[in-house]
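Notes follow once the structure below has been shown.
Computed from a predicted structure; not experimentally measured. Any value given below was found using the heavy atoms of this structure, including those in side chains, with hydrogens, waters and symmetry copies removed. For this chain, numbers begin at 1 and follow the sequence in order. Counting starts at 1 for both ligands and their atoms, in listed order.
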Amino acid sequence: MGGKILLANIDVPGIRGYDVYRSNGGYTSVEKALREMTQAQVTAEVNKSGLRGRGGAGFPTGLKWSFLDRKSDKPRYLVCNADESEPGTFKDRYLMHHLPHRLIEGLIISSFALGVKTCYIYIRGEFKYLVGILEKAIKEAHLHGFLGERILGTDFSLNIYVHPGAGAYICGEETALLESLEGKRGNPRIKPPFPAFKGLYGCPTVVNNVETLAAVGPIISMGGEAYAMIGKGKSTGTKLISACGNIKNPGVYEIEMGLPVEDFIYSPEYCGGIANDKYLKAVIPGGSSVPILPADLILSTAKGEKRLMTYESLADGDFESGTMLGSGGFIVYDEDACIVRNTWNLTRFYRHESCGQCSPCREGTGWMEKVLYRIEHRQGKMSDIDLLVRVAKNIEGNTICPLGDAAAWPVASAIRHFRVEFEEHVLHPAAMLEKERHLKLKY
Ligand SMILES: Cc1cc2nc3c(=O)[nH]c(=O)nc-3n(C[C@H](O)[C@H](O)[C@H](O)COP(=O)(O)O)c2cc1C
Ligand code: SF4
(Lines give C-alpha, C1' and ligand atoms only; values in the text may rest on other atoms or scores of the structure.)
(Ligands and ions follow the chains in the order given, each with its own letter.)
Protein backbone atom coordinates (compact mmCIF):
# COMPACT_ATOMS: atom_id res chain seq x y z
CA MET A 1 0.00 0.00 0.00
CA GLY A 2 1.70 3.19 -1.22
CA GLY A 3 5.40 3.90 -1.76
CA LYS A 4 7.93 5.26 0.64
CA ILE A 5 8.05 9.03 1.15
CA LEU A 6 9.97 9.63 4.36
CA LEU A 7 12.07 6.53 3.95
CA ALA A 8 12.51 6.89 0.17
CA ASN A 9 15.95 5.69 -0.97
CA ILE A 10 16.76 4.31 2.48
CA ASP A 11 18.27 1.21 0.86
CA VAL A 12 20.63 3.15 -1.43
CA PRO A 13 24.19 2.49 -0.20
CA GLY A 14 25.76 5.65 1.25
CA ILE A 15 22.46 7.60 1.44
CA ARG A 16 23.46 8.90 4.89
CA GLY A 17 26.17 11.04 3.28
CA TYR A 18 25.55 14.28 1.39
CA ASP A 19 26.84 13.22 -2.06
CA VAL A 20 24.63 10.15 -2.45
CA TYR A 21 21.64 11.92 -0.86
CA ARG A 22 22.04 14.86 -3.23
CA SER A 23 22.48 12.69 -6.34
CA ASN A 24 19.21 10.96 -5.42
CA GLY A 25 17.21 14.19 -5.48
CA GLY A 26 18.21 15.51 -2.07
CA TYR A 27 17.90 19.25 -1.33
CA THR A 28 15.85 19.95 -4.47
CA SER A 29 12.91 20.82 -2.21
CA VAL A 30 15.10 23.43 -0.45
CA GLU A 31 16.01 24.90 -3.85
CA LYS A 32 12.33 24.95 -4.83
CA ALA A 33 11.20 26.59 -1.56
CA LEU A 34 13.92 29.22 -1.36
CA ARG A 35 14.13 30.11 -5.06
CA GLU A 36 10.53 29.77 -6.23
CA MET A 37 8.31 30.27 -3.18
CA THR A 38 7.55 32.84 -0.48
CA GLN A 39 7.37 32.01 3.23
CA ALA A 40 3.58 32.21 3.05
CA GLN A 41 3.43 29.84 0.08
CA VAL A 42 5.49 27.22 1.93
CA THR A 43 3.15 27.45 4.92
CA ALA A 44 0.15 27.25 2.60
CA GLU A 45 1.47 23.99 1.09
CA VAL A 46 1.97 22.51 4.58
CA ASN A 47 -1.60 23.57 5.43
CA LYS A 48 -2.97 22.00 2.25
CA SER A 49 -1.09 18.76 2.95
CA GLY A 50 -3.09 18.22 6.15
CA LEU A 51 0.14 17.18 7.90
CA ARG A 52 -0.45 16.53 11.60
CA GLY A 53 2.21 16.47 14.30
CA ARG A 54 3.84 13.05 14.57
CA GLY A 55 5.05 13.59 18.16
CA GLY A 56 1.87 12.10 19.61
CA ALA A 57 -0.97 14.61 19.71
CA GLY A 58 -1.61 14.84 15.94
CA PHE A 59 -2.06 18.62 16.02
CA PRO A 60 -2.20 20.19 12.50
CA THR A 61 1.29 21.47 11.71
CA GLY A 62 0.28 24.40 9.48
CA LEU A 63 -2.14 25.61 12.15
CA LYS A 64 0.57 25.41 14.81
CA TRP A 65 2.89 27.45 12.61
CA SER A 66 0.14 30.06 12.13
CA PHE A 67 0.06 30.69 15.91
CA LEU A 68 3.70 31.86 15.94
CA ASP A 69 3.86 35.46 17.17
CA ARG A 70 5.16 37.22 14.05
CA LYS A 71 4.55 40.69 15.49
CA SER A 72 7.20 40.28 18.18
CA ASP A 73 10.56 41.93 17.51
CA LYS A 74 12.33 39.12 19.43
CA PRO A 75 14.16 36.33 17.57
CA ARG A 76 12.08 33.28 16.66
CA TYR A 77 13.19 29.70 17.14
CA LEU A 78 12.39 26.33 15.67
CA VAL A 79 13.10 23.41 17.98
CA CYS A 80 13.11 19.87 16.65
CA ASN A 81 11.95 17.42 19.31
CA ALA A 82 14.24 14.38 18.99
CA ASP A 83 13.85 13.27 22.60
CA GLU A 84 11.95 10.07 21.67
CA SER A 85 11.81 8.28 25.01
CA GLU A 86 8.29 6.82 24.93
CA PRO A 87 8.50 3.05 25.52
CA GLY A 88 7.77 1.26 22.24
CA THR A 89 8.61 4.25 20.05
CA PHE A 90 11.84 4.14 18.06
CA LYS A 91 11.00 5.66 14.67
CA ASP A 92 12.72 9.07 14.94
CA ARG A 93 16.06 7.58 15.77
CA TYR A 94 15.73 5.25 12.76
CA LEU A 95 15.04 8.19 10.48
CA MET A 96 17.92 10.28 11.89
CA HIS A 97 20.30 7.33 11.73
CA HIS A 98 19.65 6.43 8.11
CA LEU A 99 18.48 9.68 6.53
CA PRO A 100 19.86 12.61 8.56
CA HIS A 101 19.74 14.91 5.51
CA ARG A 102 15.98 14.36 5.14
CA LEU A 103 15.57 15.96 8.56
CA ILE A 104 18.05 18.78 7.83
CA GLU A 105 16.20 19.51 4.59
CA GLY A 106 12.90 19.74 6.49
CA LEU A 107 14.44 21.99 9.11
CA ILE A 108 15.76 24.42 6.49
CA ILE A 109 12.41 24.72 4.69
CA SER A 110 10.43 24.98 7.93
CA SER A 111 12.80 27.63 9.32
CA PHE A 112 12.44 29.57 6.07
CA ALA A 113 8.64 29.45 6.34
CA LEU A 114 8.72 30.55 9.98
CA GLY A 115 11.34 33.28 9.55
CA VAL A 116 13.71 31.50 11.92
CA LYS A 117 17.49 32.01 11.89
CA THR A 118 18.43 29.59 14.65
CA CYS A 119 17.15 26.06 14.96
CA TYR A 120 17.91 23.47 17.65
CA ILE A 121 17.66 19.71 17.51
CA TYR A 122 17.05 18.61 21.12
CA ILE A 123 18.08 14.99 21.14
CA ARG A 124 17.65 12.31 23.79
CA GLY A 125 20.82 11.93 25.89
CA GLU A 126 21.10 8.20 25.21
CA PHE A 127 21.30 8.83 21.44
CA LYS A 128 24.95 9.85 21.64
CA TYR A 129 25.75 7.94 18.44
CA LEU A 130 23.28 10.09 16.53
CA VAL A 131 24.80 13.39 17.60
CA GLY A 132 27.88 12.75 15.43
CA ILE A 133 25.72 11.65 12.48
CA LEU A 134 23.59 14.79 12.67
CA GLU A 135 26.55 17.12 13.17
CA LYS A 136 28.28 15.60 10.14
CA ALA A 137 25.15 16.15 8.04
CA ILE A 138 24.91 19.77 9.27
CA LYS A 139 28.57 20.33 8.38
CA GLU A 140 28.01 18.90 4.89
CA ALA A 141 24.95 21.10 4.36
CA HIS A 142 27.07 24.14 5.38
CA LEU A 143 29.85 23.15 2.97
CA HIS A 144 27.39 22.96 0.08
CA GLY A 145 25.71 26.28 0.81
CA PHE A 146 22.46 24.96 2.31
CA LEU A 147 23.18 26.36 5.78
CA GLY A 148 24.93 29.46 7.08
CA GLU A 149 24.73 32.99 5.69
CA ARG A 150 22.65 33.88 2.61
CA ILE A 151 21.64 30.35 1.69
CA LEU A 152 21.64 29.77 -2.10
CA GLY A 153 22.33 33.47 -2.54
CA THR A 154 19.02 34.51 -0.94
CA ASP A 155 18.48 36.76 2.11
CA PHE A 156 17.75 33.71 4.24
CA SER A 157 20.39 32.60 6.78
CA LEU A 158 20.16 29.66 9.18
CA ASN A 159 22.25 27.76 11.71
CA ILE A 160 21.27 24.43 13.25
CA TYR A 161 22.66 23.18 16.57
CA VAL A 162 22.34 19.72 18.11
CA HIS A 163 21.70 19.74 21.86
CA PRO A 164 21.74 16.39 23.72
CA GLY A 165 19.55 16.04 26.81
CA ALA A 166 20.49 14.03 29.87
CA GLY A 167 18.08 11.14 29.38
CA ALA A 168 14.80 12.22 31.01
CA TYR A 169 11.51 11.20 29.39
CA ILE A 170 9.81 14.35 30.65
CA CYS A 171 12.16 16.47 28.51
CA GLY A 172 10.17 15.28 25.49
CA GLU A 173 7.24 17.39 26.74
CA GLU A 174 7.77 20.58 24.79
CA THR A 175 7.95 23.09 27.65
CA ALA A 176 10.17 20.82 29.79
CA LEU A 177 12.35 20.50 26.70
CA LEU A 178 12.62 24.30 26.43
CA GLU A 179 13.55 24.57 30.13
CA SER A 180 16.24 21.93 29.63
CA LEU A 181 17.52 23.66 26.48
CA GLU A 182 17.85 26.84 28.55
CA GLY A 183 20.06 24.89 30.96
CA LYS A 184 17.48 24.39 33.70
CA ARG A 185 15.85 21.32 35.25
CA GLY A 186 13.36 19.88 32.76
CA ASN A 187 10.12 20.79 34.53
CA PRO A 188 7.07 21.38 32.32
CA ARG A 189 5.78 24.96 32.33
CA ILE A 190 2.25 26.02 33.17
CA LYS A 191 0.45 27.02 29.96
CA PRO A 192 -0.53 29.61 28.79
CA PRO A 193 1.67 31.27 27.69
CA PHE A 194 2.29 28.80 24.88
CA PRO A 195 5.68 28.50 23.18
CA ALA A 196 4.33 30.24 20.05
CA PHE A 197 4.38 33.44 22.14
CA LYS A 198 6.82 32.72 24.95
CA GLY A 199 9.03 29.76 24.19
CA LEU A 200 12.80 29.44 24.18
CA TYR A 201 14.43 32.31 26.12
CA GLY A 202 10.98 33.91 26.28
CA CYS A 203 10.85 34.22 22.47
CA PRO A 204 8.29 32.94 19.95
CA THR A 205 9.08 29.27 19.30
CA VAL A 206 7.72 26.34 17.34
CA VAL A 207 8.43 22.84 18.64
CA ASN A 208 7.88 19.99 16.19
CA ASN A 209 8.70 16.33 16.12
CA VAL A 210 11.48 14.84 13.93
CA GLU A 211 9.07 12.95 11.68
CA THR A 212 6.80 15.98 11.26
CA LEU A 213 9.68 18.16 10.12
CA ALA A 214 11.16 15.46 7.90
CA ALA A 215 7.82 15.32 6.02
CA VAL A 216 8.06 18.99 5.01
CA GLY A 217 10.64 18.40 2.24
CA PRO A 218 8.55 15.75 0.43
CA ILE A 219 5.44 17.94 0.85
CA ILE A 220 7.15 20.84 -0.91
CA SER A 221 8.45 18.52 -3.65
CA MET A 222 5.12 16.86 -4.43
CA GLY A 223 2.83 19.73 -3.39
CA GLY A 224 0.43 19.85 -0.44
CA GLU A 225 -2.57 18.65 -2.43
CA ALA A 226 -0.78 15.56 -3.73
CA TYR A 227 0.34 14.70 -0.17
CA ALA A 228 -3.22 15.13 1.09
CA MET A 229 -4.42 12.58 -1.49
CA ILE A 230 -2.36 9.94 0.33
CA GLY A 231 -3.95 8.47 3.44
CA LYS A 232 -7.54 8.62 4.60
CA GLY A 233 -9.73 11.56 5.61
CA LYS A 234 -7.98 13.86 8.06
CA SER A 235 -5.14 11.39 8.52
CA THR A 236 -3.13 12.33 5.47
CA GLY A 237 0.21 11.08 4.20
CA THR A 238 2.32 8.31 5.56
CA LYS A 239 3.32 7.47 9.13
CA LEU A 240 6.34 5.74 10.58
CA ILE A 241 5.33 2.92 12.89
CA SER A 242 7.81 1.20 15.18
CA ALA A 243 6.51 -2.29 15.77
CA CYS A 244 7.69 -4.48 18.63
CA GLY A 245 6.58 -7.18 21.06
CA ASN A 246 5.41 -10.67 20.13
CA ILE A 247 5.54 -10.32 16.35
CA LYS A 248 7.58 -12.07 13.67
CA ASN A 249 9.14 -8.94 12.13
CA PRO A 250 9.83 -6.16 14.63
CA GLY A 251 11.06 -2.95 13.01
CA VAL A 252 10.19 0.47 11.65
CA TYR A 253 7.66 0.65 8.81
CA GLU A 254 6.37 3.51 6.75
CA ILE A 255 2.68 2.91 6.16
CA GLU A 256 0.08 4.83 4.25
CA MET A 257 -2.47 6.13 6.74
CA GLY A 258 -5.65 4.08 6.45
CA LEU A 259 -4.00 0.67 6.33
CA PRO A 260 -6.22 -1.81 8.22
CA VAL A 261 -4.65 -2.72 11.58
CA GLU A 262 -5.18 -6.39 10.76
CA ASP A 263 -3.08 -6.06 7.59
CA PHE A 264 -0.35 -4.29 9.52
CA ILE A 265 -0.17 -7.11 12.08
CA TYR A 266 -0.47 -10.09 9.77
CA SER A 267 0.98 -9.01 6.41
CA PRO A 268 4.50 -10.37 5.67
CA GLU A 269 5.34 -6.84 4.44
CA TYR A 270 4.94 -5.52 8.00
CA CYS A 271 4.77 -7.38 11.34
CA GLY A 272 4.34 -10.79 9.66
CA GLY A 273 1.92 -12.14 12.26
CA ILE A 274 2.28 -13.20 15.87
CA ALA A 275 5.58 -14.82 16.87
CA ASN A 276 5.47 -18.63 17.17
CA ASP A 277 2.03 -18.50 15.48
CA LYS A 278 0.29 -17.78 18.75
CA TYR A 279 -2.94 -15.84 19.17
CA LEU A 280 -3.06 -12.08 19.42
CA LYS A 281 -4.07 -10.94 22.88
CA ALA A 282 -3.74 -7.16 22.90
CA VAL A 283 -2.07 -4.14 21.30
CA ILE A 284 -0.87 -0.76 22.54
CA PRO A 285 -0.77 1.02 19.15
CA GLY A 286 0.65 4.48 19.89
CA GLY A 287 3.43 4.19 22.43
CA SER A 288 3.06 3.15 26.07
CA SER A 289 0.92 6.17 27.01
CA VAL A 290 -2.15 5.24 24.97
CA PRO A 291 -4.88 2.82 26.07
CA ILE A 292 -4.33 -0.89 25.47
CA LEU A 293 -6.99 -2.71 23.43
CA PRO A 294 -7.80 -6.44 23.38
CA ALA A 295 -7.53 -8.33 20.07
CA ASP A 296 -11.20 -7.99 19.06
CA LEU A 297 -11.26 -4.22 19.59
CA ILE A 298 -7.93 -3.49 17.90
CA LEU A 299 -8.99 -5.38 14.78
CA SER A 300 -12.45 -3.83 14.54
CA THR A 301 -14.28 -1.00 16.23
CA ALA A 302 -17.21 -1.53 18.60
CA LYS A 303 -19.46 -0.72 15.60
CA GLY A 304 -17.96 -3.70 13.77
CA GLU A 305 -15.97 -1.64 11.25
CA LYS A 306 -12.41 -2.62 10.35
CA ARG A 307 -10.02 -0.67 12.57
CA LEU A 308 -7.65 1.42 10.44
CA MET A 309 -4.28 2.99 11.14
CA THR A 310 -5.63 6.56 11.31
CA TYR A 311 -6.04 9.06 14.15
CA GLU A 312 -9.83 8.82 13.82
CA SER A 313 -10.33 5.07 13.46
CA LEU A 314 -8.02 4.17 16.35
CA ALA A 315 -9.84 6.68 18.57
CA ASP A 316 -13.29 5.43 17.56
CA GLY A 317 -15.26 4.61 20.69
CA ASP A 318 -13.29 7.13 22.77
CA PHE A 319 -11.75 5.55 25.84
CA GLU A 320 -14.45 2.90 26.24
CA SER A 321 -13.45 0.91 23.18
CA GLY A 322 -10.91 3.12 21.41
CA THR A 323 -7.31 4.18 21.75
CA MET A 324 -4.89 6.54 19.95
CA LEU A 325 -2.35 6.54 17.13
CA GLY A 326 -0.05 8.57 19.40
CA SER A 327 3.59 8.41 18.40
CA GLY A 328 3.17 5.17 16.44
CA GLY A 329 4.88 2.83 18.92
CA PHE A 330 2.97 -0.38 18.14
CA ILE A 331 3.40 -2.94 20.95
CA VAL A 332 1.89 -6.38 20.37
CA TYR A 333 1.10 -8.94 23.08
CA ASP A 334 0.46 -12.62 22.45
CA GLU A 335 -1.87 -14.98 24.33
CA ASP A 336 0.77 -15.67 27.01
CA ALA A 337 1.55 -12.05 27.88
CA CYS A 338 0.72 -11.06 31.45
CA ILE A 339 -1.24 -7.82 31.39
CA VAL A 340 -0.80 -7.25 35.12
CA ARG A 341 2.97 -7.57 34.95
CA ASN A 342 3.11 -5.37 31.87
CA THR A 343 0.96 -2.67 33.52
CA TRP A 344 3.12 -2.77 36.66
CA ASN A 345 6.22 -2.42 34.48
CA LEU A 346 4.83 0.62 32.63
CA THR A 347 3.77 2.22 35.90
CA ARG A 348 7.29 1.80 37.28
CA PHE A 349 8.48 3.78 34.28
CA TYR A 350 6.03 6.64 34.81
CA ARG A 351 6.70 6.78 38.55
CA HIS A 352 10.41 7.06 37.80
CA GLU A 353 9.94 9.72 35.10
CA SER A 354 7.41 11.95 36.90
CA CYS A 355 9.11 15.30 37.51
CA GLY A 356 7.24 15.56 40.83
CA GLN A 357 5.78 19.05 40.40
CA CYS A 358 2.13 18.01 40.77
CA SER A 359 0.88 15.92 43.69
CA PRO A 360 -1.61 13.78 41.68
CA CYS A 361 1.15 12.63 39.33
CA ARG A 362 3.97 12.39 41.88
CA GLU A 363 1.94 10.58 44.53
CA GLY A 364 -0.47 8.79 42.19
CA THR A 365 2.20 7.12 40.06
CA GLY A 366 3.98 5.92 43.22
CA TRP A 367 0.71 4.64 44.68
CA MET A 368 -0.28 2.79 41.49
CA GLU A 369 3.15 1.19 41.28
CA LYS A 370 2.92 -0.07 44.88
CA VAL A 371 -0.58 -1.49 44.44
CA LEU A 372 0.32 -3.16 41.13
CA TYR A 373 3.43 -4.64 42.73
CA ARG A 374 1.18 -6.13 45.44
CA ILE A 375 -1.17 -7.68 42.92
CA GLU A 376 1.63 -9.04 40.73
CA HIS A 377 3.48 -10.44 43.76
CA ARG A 378 0.61 -12.42 45.31
CA GLN A 379 -0.25 -9.90 48.02
CA GLY A 380 -3.19 -8.16 46.34
CA LYS A 381 -6.76 -7.70 47.59
CA MET A 382 -9.88 -7.49 45.44
CA SER A 383 -10.42 -3.90 46.62
CA ASP A 384 -7.00 -3.00 45.15
CA ILE A 385 -8.43 -3.20 41.63
CA ASP A 386 -11.01 -0.47 42.21
CA LEU A 387 -8.45 1.47 44.20
CA LEU A 388 -6.25 1.56 41.09
CA VAL A 389 -9.17 2.79 38.99
CA ARG A 390 -9.84 5.59 41.52
CA VAL A 391 -6.20 6.67 41.69
CA ALA A 392 -5.96 6.73 37.88
CA LYS A 393 -9.17 8.83 37.69
CA ASN A 394 -7.80 11.30 40.22
CA ILE A 395 -4.61 11.81 38.21
CA GLU A 396 -6.34 12.22 34.85
CA GLY A 397 -6.81 15.85 33.85
CA ASN A 398 -5.46 17.19 37.16
CA THR A 399 -1.85 17.81 36.28
CA ILE A 400 0.36 20.46 34.68
CA CYS A 401 1.40 18.28 31.76
CA PRO A 402 0.02 15.19 30.01
CA LEU A 403 2.48 12.80 31.68
CA GLY A 404 -0.16 12.36 34.39
CA ASP A 405 -2.73 11.18 31.83
CA ALA A 406 -0.07 9.05 30.14
CA ALA A 407 0.50 7.24 33.44
CA ALA A 408 -3.20 6.86 34.24
CA TRP A 409 -4.48 5.57 30.87
CA PRO A 410 -2.47 2.33 30.71
CA VAL A 411 -3.73 1.35 34.16
CA ALA A 412 -7.35 2.37 33.60
CA SER A 413 -7.53 0.69 30.17
CA ALA A 414 -5.81 -2.52 31.33
CA ILE A 415 -8.40 -2.91 34.11
CA ARG A 416 -11.27 -1.90 31.80
CA HIS A 417 -10.43 -4.63 29.28
CA PHE A 418 -8.64 -7.27 31.39
CA ARG A 419 -10.26 -7.03 34.85
CA VAL A 420 -10.61 -10.79 35.00
CA GLU A 421 -6.85 -11.16 34.76
CA PHE A 422 -6.35 -8.79 37.71
CA GLU A 423 -8.96 -10.73 39.68
CA GLU A 424 -7.25 -14.02 38.86
CA HIS A 425 -3.98 -12.63 40.22
CA VAL A 426 -5.74 -11.84 43.50
CA LEU A 427 -7.85 -15.02 43.74
CA HIS A 428 -5.35 -17.58 42.39
CA PRO A 429 -1.88 -16.13 42.98
CA ALA A 430 -0.14 -19.52 43.09
CA ALA A 431 -1.66 -20.59 39.76
CA MET A 432 -0.58 -17.34 38.10
CA LEU A 433 2.96 -17.76 39.43
CA GLU A 434 3.11 -21.33 38.16
CA LYS A 435 1.89 -20.21 34.73
CA GLU A 436 4.65 -17.58 34.51
CA ARG A 437 7.33 -20.03 35.69
CA HIS A 438 6.20 -22.52 33.05
CA LEU A 439 6.39 -19.89 30.30
CA LYS A 440 9.87 -18.80 31.40
CA LEU A 441 11.10 -22.41 31.21
CA LYS A 442 9.55 -22.82 27.78
CA TYR A 443 11.13 -19.73 26.16
C1 LIG B 1 5.73 13.26 28.79
C2 LIG B 1 5.77 13.66 27.36
C3 LIG B 1 6.80 13.22 26.54
C4 LIG B 1 6.84 13.60 25.21
N5 LIG B 1 7.86 13.13 24.43
C6 LIG B 1 7.94 13.53 23.14
C7 LIG B 1 9.04 13.11 22.32
O8 LIG B 1 9.93 12.39 22.77
N9 LIG B 1 9.06 13.53 21.03
C10 LIG B 1 8.10 14.36 20.53
O11 LIG B 1 8.18 14.77 19.37
N12 LIG B 1 7.05 14.77 21.27
C13 LIG B 1 6.96 14.38 22.56
N14 LIG B 1 5.93 14.84 23.33
C15 LIG B 1 4.96 15.77 22.71
C16 LIG B 1 5.52 17.20 22.72
O17 LIG B 1 5.14 17.84 23.94
C18 LIG B 1 5.00 18.04 21.57
O19 LIG B 1 3.61 17.96 21.53
C20 LIG B 1 5.54 17.62 20.20
O21 LIG B 1 6.95 17.64 20.17
C22 LIG B 1 5.01 18.56 19.15
O23 LIG B 1 5.46 18.16 17.88
P24 LIG B 1 4.43 17.80 16.72
O25 LIG B 1 3.39 18.88 16.69
O26 LIG B 1 5.27 17.79 15.50
O27 LIG B 1 3.86 16.48 17.07
C28 LIG B 1 5.84 14.44 24.67
C29 LIG B 1 4.80 14.88 25.49
C30 LIG B 1 4.76 14.48 26.81
C31 LIG B 1 3.63 14.96 27.66
S1 SF4 C 1 2.11 15.72 35.37
FE2 SF4 C 1 3.85 14.70 36.35
S3 SF4 C 1 5.53 15.05 34.93
FE4 SF4 C 1 3.94 16.52 34.36
S5 SF4 C 1 4.41 18.37 35.50
FE6 SF4 C 1 3.05 17.19 36.80
S7 SF4 C 1 4.41 15.95 38.09
FE8 SF4 C 1 5.62 16.71 36.39
*Would Arg52 count as a cation-pi partner of Tyr311, with NZ or CZ less than 6.0 Å from the six-membered ring centre and within 45° of the ring normal?*
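That pair qualifies as a cation-pi contact.
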
Cationic N near anionic O, under 4.0 Å, [X] to [Y]:
X: Arg307; Y: Glu262; answer: no
X: Lys370; Y: Asp384; answer: no
X: Arg341; Y: Glu376; answer: yes

Taking 4.0 angstrom as the limit and counting only heavy atoms of [X], give me the atoms of ligand 1 inside it, by number and element.
X: Gly53; value: 24 (P), 25 (O), 26 (O), 27 (O)
X: Pro402; value: 31 (C)
X: Arg54; value: 26 (O), 27 (O)
X: Lys64; value: 22 (C), 23 (O), 24 (P), 25 (O)

Under 3.5 Å, side-chain donor or acceptor atoms of residues 56-65 against the rest of the protein: list the pairs with distances, not counting sequence neighbours.
| residue | atom | partner | partner atom | Å |
| --- | --- | --- | --- | --- |
| Thr61 | OG1 | Leu51 | O | 3.4 |
| Lys64 | NZ | Val207 | O | 2.7 |
| Trp65 | NE1 | Asn208 | OD1 | 2.9 |

*Side chains of Lys393 and Asn398: donor-acceptor distance under 3.5 Å anywhere?*
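Looking only at side-chain atoms, Asn398 and Lys393 do not form any donor-acceptor pair under 3.5 Å.
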
*Mark the output for Ser85 as yes if a heavy-atom distance to ligand 1 is under 4.0 Å, and as no if none is.*
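Checking ligand 1 against Ser85, which is what was asked, there is a heavy-atom contact under 4.0 Å.
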
*Which option out of Glu173, Glu84, Arg52 puts a heavy atom nearest to atom 8 (O) of ligand 1?*
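Selected option, by shortest heavy-atom distance: Glu84.
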
*Between the candidates Thr212, Leu177, Asp92, which shows the shortest non-hydrogen contact distance to atom 26 (O) of ligand 1?*
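Selected option, by shortest heavy-atom distance: Thr212.
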
_Exceeds 12 heavy-atom contacts within 6.0 angstrom, atom NE2 of His352_ =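 Incorrect, the count does not exceed 12.
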
*So does Glu31 have more than 12 non-hydrogen atoms from other groups sitting under 6.0 Å from CD?*
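Atom CD in Glu31 is crowded, with more than 12 foreign heavy atoms closer than 6.0 Å.
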
*asked:* Regarding ligand 1, does Asp83 bring an N or O atom to under 3.5 Å of one of the ligand's N or O atoms?
replied: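 By distance alone, the answer is no.
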
*Can an N or O of Gly55 be found at a distance shorter than 3.5 Å from an N or O of ligand 1?*
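Between Gly55 and ligand 1, an N or O pair is found under 3.5 Å apart.
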
*Plane angle bin for Tyr373 and His377 - parallel if under 30°, tilted between 30 and 60°, otherwise perpendicular*: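 The rings of His377 and Tyr373 lie parallel, inter-plane angle below 30°.
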
*Classify the angle between the aromatic ring planes of Tyr18 and Tyr27 as parallel (below 30°), tilted (30 to 60°) or perpendicular (above 60°).*
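Correct class here is tilted.
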
*asked:* Closer than 2.8 Å to atom 2 (Fe) of ligand 2, what protein N/O/S atoms do you find?
replied: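 Listed by chain and number: Cys361 SG.
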
Counting non-hydrogen protein atoms only, what is the nearest one to [atom]? Give residue, atom name and distance.
atom: atom 14 (N) of ligand 1; answer: Gly172 O, 3.3 Å
atom: atom 23 (O) of ligand 1; answer: Asn209 N, 3.2 Å
atom: atom 17 (O) of ligand 1; answer: Glu174 N, 3.0 Å
atom: atom 10 (C) of ligand 1; answer: Asn81 ND2, 3.1 Å

*asked:* So which atom in Leu95 and which in Ala214 form the shortest heavy-atom distance, rounded to 0.1 Å?
replied: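 Residues Leu95 and Ala214, closest heavy atoms: CD2-CB, 3.4 Å.
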
*What's the verdict on salt bridge (charged side-chain N to carboxylate O under 4.0 Å, His left out) for Arg189 and Glu179, showing C-alpha distance, side-chain angles and the deciding distance?*
CA-CA 8 Å; Arg189 297 175 182 168; Glu179 287 285 296; 2.7 Å; yes

